[in-house]
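Residue numbers run from 1 in the order of the sequence given.
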Amino acid sequence: MLNASVLPNNYTFPFLLKSLADFHQLRKGQIVQTHVIKLGHSHDIYIQNSLMHLYASSGETGLCRQVFDEIRDKDVVSWTVLITGFKNVKRYDDALIAFEQMQYAGVVPNRVTMVNALAACGSFGAIEMGMWIHDFIRKKGWELDLILGTALIDMYGKCGRIEEGLRVFHSMKERNNFSWNAVINGLALAKEGEQAVSWFNRMEQEGFKVDHVTLVGVLSACSHSGLVDTGRKIFSFSIEGRYGFLPSVKHYACVIDLLARGGCIDEAFRFIQEMPFEPTRSIWGSLLAGCRTHGNLELSEIAAKKLVELEPANSAYYVVLSNLYADMGRWDDAEKVRALMKERGLKKDLGFSSVEMEPQEQLYGNGQFSLQLFGGKHSSSL
């Protein structure tokens with residue numbers, strides 16, 4: 001186009017930038033931005049929103065925010081792209097603050113805004129804001145379609161309010177795999193294993209296909225509720241090909257966690273030895289946690305050594321191994337581990353108390369977050 005001496009206009013750039021965003025072509029997008037500035041289109045909101053989308057899709061939230069701040073009259077798309085960009089790089093607090101600022105600016109959110117804000121609420125544990133969004137949806141009379149309804153279920157499940165999530169599920173006229181998975185995962189987080197298995201069976205009976213996410217959810221539910229036999233049975237079905245796919249390393253990790261928690265330490269170790277994947281950090285962490293709970297010092301040593309090999313810069317694993325040797329009366333070995341830590345410049349992290357962090361702790365660690373607009377007691381600084 002440029003070679004033909006045809007200048008692009010304000011209709012050309014949004015299409016071009018969207019294409020570059022879809023393929024994460026950040027550098028080419030920045031070159032296009034220079035043409036936007038040269039041709040005097042830098043204050044066209046459609047182009048600015050497209051630039052924001054380019055930067056957000058590439059994880060460049062700083063550049064995305066910079067373009068956002070330059071927009072004179074920000075619309076719902078501008079705010080939604082900013083919120084989505086922060087959410088996608090796990091800056092959930094910034095996403096929620098931007099959502100609050102959007103309300104103060106008097107810009108009415110749309111369905112896409114709400115889906116992304118709900119995702120941030122769920123990951124941040126911001127239940128009050130999530131409930132405010134649900135109330136907003138009711139007042140506006142929006143129908144709970146597949147995407148919005150599932151986002152609400154997911155948020156309630158991650159915030160420990162799965163009963164509310166089930167009410168949303170029942171109110172939806174249409175459901176799909178994502179909706180069912182959100183329910184099963186929410187029940188797993190709530191340690192309602194028997195209910196999760198019941199919903200899993202019901203999902204199959206109603207003709208919905210079990211996928212990788214479903215299997216992770218139900219196996220996790222079995223693990224956190226001590227349903228060892230049920231988990232074994234479901235996993236064996238997956239090995240036999242009942243669900244149309246073979247289990248991945250994540251599914252093996254779930255069943256190893258299930259066995260280790262249930263005290264079947266030797267069986268869990270056999271799974272690790274025989275599975276067709278290289279064991280991950282979380283797999284060895286699950287075995288170690290189970291060994292420590294059930295007093296298997298021999299396999300504890302093996303697991304702790306593997307964790308040190310996998311993450312040689314993580315001081316926590318050295319501390320666990322050193323303490324393990326001390327418990328076994330192997331003081332020379334304990335001293336060697338401490339000497340190795342010193343040699344590698346590692347120090348004991350006084351704030352570290354557990355090798356394996358529960359999913360619920362990760363989800364609810366910031367559960368006190370709420371903003372003044374939504375009636376919370378704790379407000380953020382804008």
Chemist: Check the pair Arg292, Ser300 against side-chain hydrogen bond (donor to acceptor under 3.5 Å, both in side chains), reporting the backbone distance first and the verdict last.
Modeler: CA-CA 7 Å; Arg292 293 176 73 188; Ser300 288; over 6 Å; no
Chemist: Under a 3.5 Å distance rule, please check whether Ser123 uses its side chain to pair with a backbone N or O of Ala120 as donor and acceptor.
Modeler: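 Judged by distance alone, no pair lies under 3.5 Å.
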Chemist: Rounded at 0.5 Å granularity, tell me how far CD in Glu311 sits from CG in Leu307.
Modeler: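 Spacing of CD (Glu311) from CG (Leu307) equals 7.5 Å.
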Chemist: Can you sort out the partners of Tyr318 under side-chain hydrogen bond (donor to acceptor under 3.5 Å, both in side chains), two or more places apart, ordered by chain and number?
Modeler: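 Once residues adjacent in sequence are excluded, the partners of Tyr318 under the side-chain hydrogen bond (donor to acceptor under 3.5 Å, both in side chains) criterion are Arg344.
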Chemist: For Val77, which residues count as a side chain to side chain contact (heavy atoms under 4.5 Å, CB included) partner, sequence neighbours excluded?
Modeler: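 Only Asn49, Asp75, Val81 meet the side chain to side chain contact (heavy atoms under 4.5 Å, CB included) criterion with Val77.
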Chemist: Tell me, please, which residues at least two apart from Glu164 pass side-chain hydrogen bond (donor to acceptor under 3.5 Å, both in side chains).
Modeler: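 Partners of Glu164 under the side-chain hydrogen bond (donor to acceptor under 3.5 Å, both in side chains) test: Arg167.
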Chemist: With no hydrogens and no angle check, is any side-chain donor or acceptor of Asn177 less than 3.5 Å from a backbone partner on Lys209?
Modeler: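 Such a contact is found between Asn177 side chain and Lys209 backbone.
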Chemist: Measuring only between side-chain heavy atoms, which start at C-beta, is Met131 closer than 4.5 Å to Asp135?
Modeler: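 No; the side chains remain at least 4.5 Å from each other.
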Chemist: Main chain of Val168, side chain of Ser171: is a donor-acceptor contact present, judged purely on distance under 3.5 Å?
Modeler: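 Here the side-chain-to-backbone pair exists.
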Chemist: Just so I know, are the side chains of Glu335 and Tyr325 near enough to count as touching, which here means a heavy-atom distance under 4.5 Å?
Modeler: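 When only atoms from C-beta onward are counted, Tyr325 and Glu335 do not touch, as no gap falls below 4.5 Å.
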Chemist: Strictly distance-based, threshold 3.5 Å: is any side-chain N or O of Ser19 a donor or acceptor partner for the main-chain N or O of Leu16?
Modeler: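 No, Ser19 side chain to Leu16 backbone: no donor-acceptor pair under 3.5 Å.
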Chemist: Considering only residues two or more places apart or on different chains, which pairs with a residue in residues 193-205 satisfy salt bridge (charged side-chain N to carboxylate O under 4.0 Å, His left out)?
Modeler: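 Every salt bridge (charged side-chain N to carboxylate O under 4.0 Å, His left out) pair that includes a residue of residues 193-205, provided the two are not neighbours, is Arg202-Glu206, Glu204-Arg242.
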Chemist: Heavy-atom distance under 4.5 Å between the side chains of Cys264 and Arg232, does that happen here?
Modeler: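 With C-beta onward as the side chain, the pair touches.
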Chemist: I would like to know whether Ser248 and His251 meet side-chain hydrogen bond (donor to acceptor under 3.5 Å, both in side chains); could you show each step before the answer?
Modeler: CA-CA 5 Å; Ser248 70; His251 304 119; 3.2 Å; yes
Chemist: Output yes when a side-chain donor or acceptor of Ser225 lies under 3.5 Å from a complementary backbone atom of Lys191, and no otherwise.
Modeler: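 A pair under 3.5 Å: yes.
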Chemist: Is the closest side-chain heavy-atom distance between Val216 and Val213 below 4.5 Å?
Modeler: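 Answer no - side chains too far apart.
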Chemist: Tell me if a side-chain donor or acceptor on Gln103 pairs with a main-chain N or O of Phe99 at a distance below 3.5 Å.
Modeler: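 Answer holds: yes.
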Chemist: If we ignore hydrogens and angles and just use 3.5 Å, is the side chain of Ser238 paired with the main-chain N or O of Phe235 as donor and acceptor?
Modeler: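 Yes; at least one donor-acceptor contact below 3.5 Å.
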Chemist: Mark yes or no for whether Lys306, through its side chain, and Ala303, through its backbone, hold a donor-acceptor pair below 3.5 Å.
Modeler: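 No; judged by distance alone, with no hydrogens or angles, the pair does not exist.
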Chemist: Leu215 versus Val218: any side-chain heavy-atom pair under 4.5 Å?
Modeler: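 They are in side-chain contact.
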Chemist: Does a donor on one side chain sit under 3.5 Å from an acceptor on the other, for Asn110 and Thr113?
Modeler: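 Distance-only check passes for Asn110 and Thr113.
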Chemist: Do the side chains of Val337 and Leu340 get nearer than 4.5 Å, heavy atoms only?
Modeler: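 SC-SC contact between Leu340 and Val337 ruled out.
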Chemist: I'd like to know if Glu267 and Arg270 make a salt bridge, using a cut-off of under 4.0 Å between side-chain N and carboxylate O.
Modeler: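 Not counted as a salt bridge, because no side-chain N and carboxylate O are separated by less than 4.0 Å.
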Chemist: Check the surroundings of atom CZ in Phe136: do more than 12 heavy atoms from other residues, nucleotides or ligands lie under 6.0 Å from it?
Modeler: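 Yes - once you tally the heavy atoms of other residues, nucleotides and ligands closer than 6.0 Å, there are more than 12.
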Chemist: Holding to side chain to side chain contact (heavy atoms under 4.5 Å, CB included), I want the full list of residues that pass it with Asn296, two or more places apart in sequence or in another chain.
Modeler: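 Result, side chain to side chain contact (heavy atoms under 4.5 Å, CB included) vs Asn296: Ile265, Asp266, Cys291, Glu298, Leu299.
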Chemist: The criterion is side chain to side chain contact (heavy atoms under 4.5 Å, CB included); which residues satisfy it with Glu278, sequence neighbours excluded?
Modeler: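 Result, side chain to side chain contact (heavy atoms under 4.5 Å, CB included) vs Glu278: none returned.
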Chemist: Checking the side chain of Thr80 only, and the main-chain atoms of Val112 only, is there a donor and an acceptor separated by less than 3.5 Å?
Modeler: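 Side chain of Thr80 to backbone of Val112: no pair is present.
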Chemist: According to the salt bridge (charged side-chain N to carboxylate O under 4.0 Å, His left out) rule, which pairs have a member within residues 51-65, sequence neighbours left out?
Modeler: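 For residues 51-65: Arg65-Asp69.
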Chemist: Salt bridge check, Asp229 against Lys233: does any charged N sit closer than 4.0 Å to a carboxylate O?
Modeler: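 Between Asp229 and Lys233 there is no salt bridge, as every charged N stays at least 4.0 Å from the carboxylate O atoms.
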Chemist: Checking Cys222 against Val228 for the side chain to side chain contact (heavy atoms under 4.5 Å, CB included) test, could you report, in this order, the C-alpha distance in whole Å, the side-chain angles of both residues, the deciding distance, and whether it holds?
Modeler: CA-CA 7 Å; Cys222 291; Val228 176; over 6 Å; no
Chemist: Using the side-chain hydrogen bond (donor to acceptor under 3.5 Å, both in side chains) criterion, which residues pair with Asp94? Sequence neighbours excluded.
Modeler: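 Checked Asp94 against side-chain hydrogen bond (donor to acceptor under 3.5 Å, both in side chains); matches are Arg91.
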Chemist: Using side chain to side chain contact (heavy atoms under 4.5 Å, CB included) as the criterion, list what pairs up with Leu246, not counting sequence neighbours.
Modeler: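 Leu246: no side chain to side chain contact (heavy atoms under 4.5 Å, CB included) contacts found.
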Chemist: Indicate, with yes or no, if the rings of His134 and Tyr156 have centres closer together than 6.0 Å.
Modeler: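 Yes, they do, as the ring centres are separated by less than 6.0 Å.
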Chemist: Could you walk me through whether Arg281 and Tyr317 pass side-chain hydrogen bond (donor to acceptor under 3.5 Å, both in side chains), step by step?
Modeler: CA-CA 11 Å; Arg281 180 192 66 83; Tyr317 299 140; 3.2 Å; yes
Chemist: To the nearest 0.5 Å, what is the distance between OG1 (Thr214) and CZ (Phe208)?
Modeler: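 These two atoms lie 11.0 Å from each other.
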Chemist: Hey, mind stepping through Asn176 and Ser179 against side-chain hydrogen bond (donor to acceptor under 3.5 Å, both in side chains) and telling me if it holds?
Modeler: CA-CA 5 Å; Asn176 61 9; Ser179 316; 3.0 Å; yes
Chemist: Give me each pair satisfying ring-ring contact (aromatic ring centres under 6.0 Å, His included) with a member in residues 275-296, each pair once, sequence neighbours excluded.
Modeler: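 ring-ring contact (aromatic ring centres under 6.0 Å, His included) check on residues 275-296 returns Tyr252-Phe277.
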Chemist: After noting the C-alpha distance and the side-chain angles of Glu301 and Lys305, does the key distance pass the salt bridge (Lys or Arg N to Asp or Glu O under 4.0 Å) rule?
Modeler: CA-CA 6 Å; Glu301 179 186 2; Lys305 280 183 174 179; 3.3 Å; yes
Chemist: Is there a side-chain contact between Lys158 and Asn185 (heavy atoms, below 4.5 Å)?
Modeler: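 Counting from C-beta outward, Lys158 and Asn185 never come under 4.5 Å.
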Chemist: Heavy-atom distance under 4.5 Å between the side chains of Met102 and Leu82, does that happen here?
Modeler: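 Counting from C-beta outward, Met102 and Leu82 never come under 4.5 Å.
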Chemist: Please check if any side-chain donor atom of Gln66 sits under 3.5 Å from a side-chain acceptor atom of Tyr55, or the reverse.
Modeler: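 The answer is no; no qualifying pair exists.
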Chemist: With sequence neighbours left out, write down each residue that passes side-chain hydrogen bond (donor to acceptor under 3.5 Å, both in side chains) with Arg175, or none if nothing qualifies.
Modeler: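 With neighbours one apart ignored, the set is empty.
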Chemist: Tell me whether the count of non-hydrogen atoms from other residues, nucleotides or ligands lying under 6.0 Å of CG in Leu26 goes above 12.
Modeler: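 More than 12 within 6.0 Å, yes.
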Chemist: Does anything in residues 62-90 form a ring-ring contact (aromatic ring centres under 6.0 Å, His included)? List the pairs, not counting sequence neighbours.
Modeler: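 For residues 62-90: Phe68-Trp79.
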Chemist: Heavy-atom count around Arg138 CZ within 6.0 Å, excluding the residue itself: above 12?
Modeler: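 Atom CZ in Arg138 is packed in, count exceeds 12.
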Chemist: Run the numbers on Trp180 and Phe200 for ring pair (Phe, Tyr, Trp, His ring centres under 6.0 Å), then give the verdict.
Modeler: CA-CA 8 Å; Trp180 285 91; Phe200 174 77; over 10 Å; no
